[in-house]
Amino acid sequence: MSQRALISELSRHDGQEVTLAGWLYNSRVSSKVAFLVVRDGTELCQCVVGKEAVPAEVFERACRIAQESSLRVIGQVHADERAPGGYELHVSGVEIVHPASDYPITPKSHGHEFLFKHRHLWLRSRRPTAIMRIRHTVIDAIRRFFNDNGFMLIDTPIFAPSAGEGAQTLFEVDYFGEPMYLAQTGQLYLEAAALAYGKVYCFGPTFRAEKSKTRRHLTEFWMVEPEIAWARLEDLLAVAEDFVVAIVERVLREHRADLEFLGQDVITLERIKKPFYRLTYSEAAEILRGPKAKELLDNELATGQARIDELNRTIEAKEKELAGPGVKKHRQDQFAAEVIEHREELAELTEQVKNIPHHMELAANFEWGKDLGGSDETIISRLHDRPVFVTHYPRQCKAFYMKRDEQDPRVVRNFDLLAPDGYGEIIGGSQREEELEALLERMAEEKMPTEPYEWYLDLRRYGSVPHGGFGLGIERTVAWLCGLKHIRETIAFPRLMGKVYP
Ligand code: 4AD
Ligand code: MG
């Protein structure tokens, strides 16, 4: 048998005979030739089986292979500009390893409910493949950034005896008869590590019992958190800026084709350069109450409504044609698939448009002291074409560990980084309260017990220094970079309230 080659490496084998091992993605058959589109996990390759070029039984077999059967294909590599990937295989032999039949995901479209129920198979399709590849690169870029900039990786525990980010979203588990929680953050442990090693980071799964069903929340997500001794708020913003730029550059460098396949406008990502915008919370609040926010939402209401009307008209027309006489089978399938997609878009859009008046009211009456809500973030983020740092939030709406501002004691030295185009918060971070007395006072205000946090308080008893860090959510970042409507597509097996299969 000839040498096994990966489809992504076919350019190295131009003119040679190779064996591809993969699965049948799609095929087109005529009386003289069968085009088998084979995928092997790296790329797709068109394999051409000419009736004259192979024994009759090979041609017969090639014509009858069902979608997602696993197979080996032998043939000669030919450069061909028209072929996806630039190379195709002129086939001399086909071996079916495992014949599939009635693969549930066909090249026509399916609703997302169906696709997520078949996520274990859907992962093989092109859209999830493009997203998973980009996710992989994002994670690699993150590790590289920290490893190349003198940060030490610290793996923080997933079993956590107390809350790190507010008790409302804790998942409780039974730990030998004692209550224990799944980690919401590695931060508190990381602070201990930062005072030991200077610059550290952790990267792991985190858990939040989010009861809200939004397009930004998972119950299990991956977060990377750097923590830096001697750093103040301004230093953290500078690191976060370099960090996000490094991720975006790497994705642009390696994934243009994937981004374009996903319909993402590459130009909007090319705009992601330093400096990012900087707003204080108070400035953000002014914007929310001001005329620009109102104008934005008025426009969204109008364009949303127009699209709804258009979708309704299209669906009606297609259904009418479907019901009419003499519609060909393939046209019926195509229309039915398109109608599924239109209906899905319609349902999402209707829900969004329905909420706009409420979001307008929230923004117009935004009161100083409240945390920014999802819709408020969306507004700020839509009004900017580069990421926006929002800093200095009122202390009452933020976590107990955040450092109080010396100039204005009503606010803390924290920041959120909002991605542009309506994606909202992708990073949350702060300088930490390093003074024992101030921290104890804040914990008392929050009615937090001190006993479980004695070790954390020790960090303020022995060589305390200014320090801080932040956390970036991988899935929100990937959703933004890929231009996805919903976070659920950014992880192989998403966990949402009420959705845990497969
Ligand atoms: O803003 P958060 O809650 O910050 C922290 O956990 C800090 N302890 C981080 C730190 O300072 N070391 O979460 C950080 C990020 C958010 O900006 C968001 O990207 C992501 O984690 N995130 C979620 N992603 C998906 N689903 C959820 N339910 C998320 N909650 C937070
Ligand atoms: Mg946050």
Side-chain angles (χ1 to χ4, degrees), residues 1-110 114-115 117-133 136 257-258 261 329-330 333 337 492-493 502:
M1 184 175 281
S2 57
Q3 191 190 356
R4 159 114 195 255
L6 293 175
I7 296 174
S8 61
E9 295 173 353
L10 284 182
S11 62
R12 290 191 211 159
H13 301 279
D14 193 11
Q16 295 170 9
E17 190 183 76
V18 298
T19 301
L20 300 182
W23 296 262
L24 186 74
Y25 192 67
N26 204 347
S27 63
R28 226 160 12 98
V29 173
S30 72
S31 58
K32 295 225 164 53
V33 60
F35 294 101
L36 309 179
V37 179
V38 171
R39 62 169 193 89
D40 72 350
T42 68
E43 280 299 340
L44 295 176
C45 177
Q46 174 157 284
C47 303
V48 186
V49 195
K51 189 171 184 179
E52 309 297 324
V54 294
E57 82 270 10
V58 173
F59 187 72
E60 279 291 291
R61 200 184 312 144
C63 291
R64 277 185 284 106
I65 308 174
Q67 192 190 351
E68 285 303 323
S69 296
S70 48
L71 39 75
R72 288 195 191 88
V73 190
I74 302 173
Q76 201 180 35
V77 179
H78 275 257
D80 186 326
E81 277 182 10
R82 292 159 307 170
Y87 292 87
E88 58 180 27
L89 203 72
H90 291 187
V91 176
S92 53
V94 178
E95 177 201 347
I96 298 174
V97 177
H98 178 253
S101 57
D102 301 323
Y103 185 67
I105 303 173
T106 58
K108 67 167 195 173
S109 69
H110 303 270
F114 178 90
L115 289 172
K117 219 169 86 195
H118 294 86
R119 184 64 166 169
H120 50 298
L121 300 176
W122 185 30
L123 286 177
R124 304 176 186 195
S125 300
R126 289 183 71 187
R127 184 178 164 87
T129 301
I131 299 170
M132 288 305 119
R133 277 196 199 146
H136 170 82
D258 288 323
F261 175 78
K329 174 80 173 80
H330 90 273
D333 286 350
F493 296 98

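Only a predicted model underlies this, so the values are computations on that prediction, with no experimental measurement involved. Just so you know, residue 1 is the first one in the sequence shown, and it goes up from there.
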Review point. Is there side-chain contact between Val38 and Leu44, with heavy atoms separated by less than 4.5 Å?
Key: no

Exercise for review: Could you go through the side-chain contact (heavy atoms from CB on, under 4.5 Å) check for Trp122 and Lys117 one step at a time?
Suggested key: CA-CA 9 Å; Trp122 185 30; Lys117 219 169 86 195; over 6 Å; no

Review point. Taking all non-hydrogen atoms of both residues, which atom of Ser31 and which atom of Lys51 are closest, and how far apart?
Key: O-CD, 3.3 Å

Review point. With Leu89, which of Val18, Val48, Ile74 fulfils side-chain contact (heavy atoms from CB on, under 4.5 Å)?
Key: Val18

**Study point:** Closest non-hydrogen atom pair between Leu20 and Leu10, with its separation
**Key:** CD2-CD2, 4.1 Å

Review point. Where the side chain of Thr19 meets the backbone of Val73, is there a donor-acceptor pair that is under 3.5 Å apart?
Key: no

Point to revise | Nearest-0.5 Å distance that lies between atom CG in Leu71 and atom CZ in Arg61 | key: 10.5 Å

Check your understanding: Under 3.5 Å, is there a donor-acceptor pair between the side chain of Arg119 and the main chain of Pro502?
Key -> no

Check your understanding: Charged N to carboxylate O under 4.0 angstrom, Arg39 versus Glu68?
Key -> yes

Check your understanding: Is there a donor-acceptor pair under 3.5 Å between the side chain of Arg133 and the backbone N or O of Asp258?
Key -> no

Check your understanding: What is the minimum heavy-atom distance between Thr106 and His110, and which atoms define it?
Key -> N-NE2, 3.1 Å

Exercise for review: Could you tell me whether a side-chain N or O of Tyr87 sits under 3.5 Å from a main-chain N or O of His13, the two making a donor and an acceptor?
Suggested key: no

**Study point:** Criterion side-chain contact (heavy atoms from CB on, under 4.5 Å) on Gln46 and Arg28, from CA distance to verdict
**Key:** CA-CA 10 Å; Gln46 174 157 284; Arg28 226 160 12 98; 4.0 Å; yes

Check your understanding: Of the non-hydrogen atoms in Ile65 and Leu24, which two are nearest, and what is the gap between them?
Key -> O-CD2, 3.5 Å

Check your understanding: Which value, rounded to the nearest 0.5 Å, describes the distance between Cys47 atom SG and Glu88 atom CD?
Key -> 9.0 Å

Check your understanding: For the side chain of Asn26 and the backbone of Val37, is there at least one donor-acceptor N/O pair under 3.5 Å apart?
Key -> no

Review point. Does Gly75 offer a backbone N or O that forms a donor-acceptor pair with the side chain of Glu17 under 3.5 Å?
Key: no

Study note, to complete from the structure: d(Ser69 OG, Tyr103 OH) to nearest 0.5 Å is 11.0 Å

**Study point:** Minimum heavy-atom distance Ala34-Cys63, with the two atoms named
**Key:** CB-SG, 4.2 Å

Check your understanding: So does His136 have more than 12 non-hydrogen atoms from other groups sitting under 6.0 Å from NE2?
Key -> no

Study note, to complete from the structure: Here the pair of heavy atoms bringing Leu36 nearest to Ser27 is CD2-CB, 4.0 Å

Review point. Just by distance, do the side chain of Ser70 and the backbone of His98 share a donor-acceptor pair under 3.5 Å?
Key: yes

**Study point:** Side-chain donor/acceptor of Gln67 to backbone N/O of Ile105, under 3.5 Å
**Key:** yes

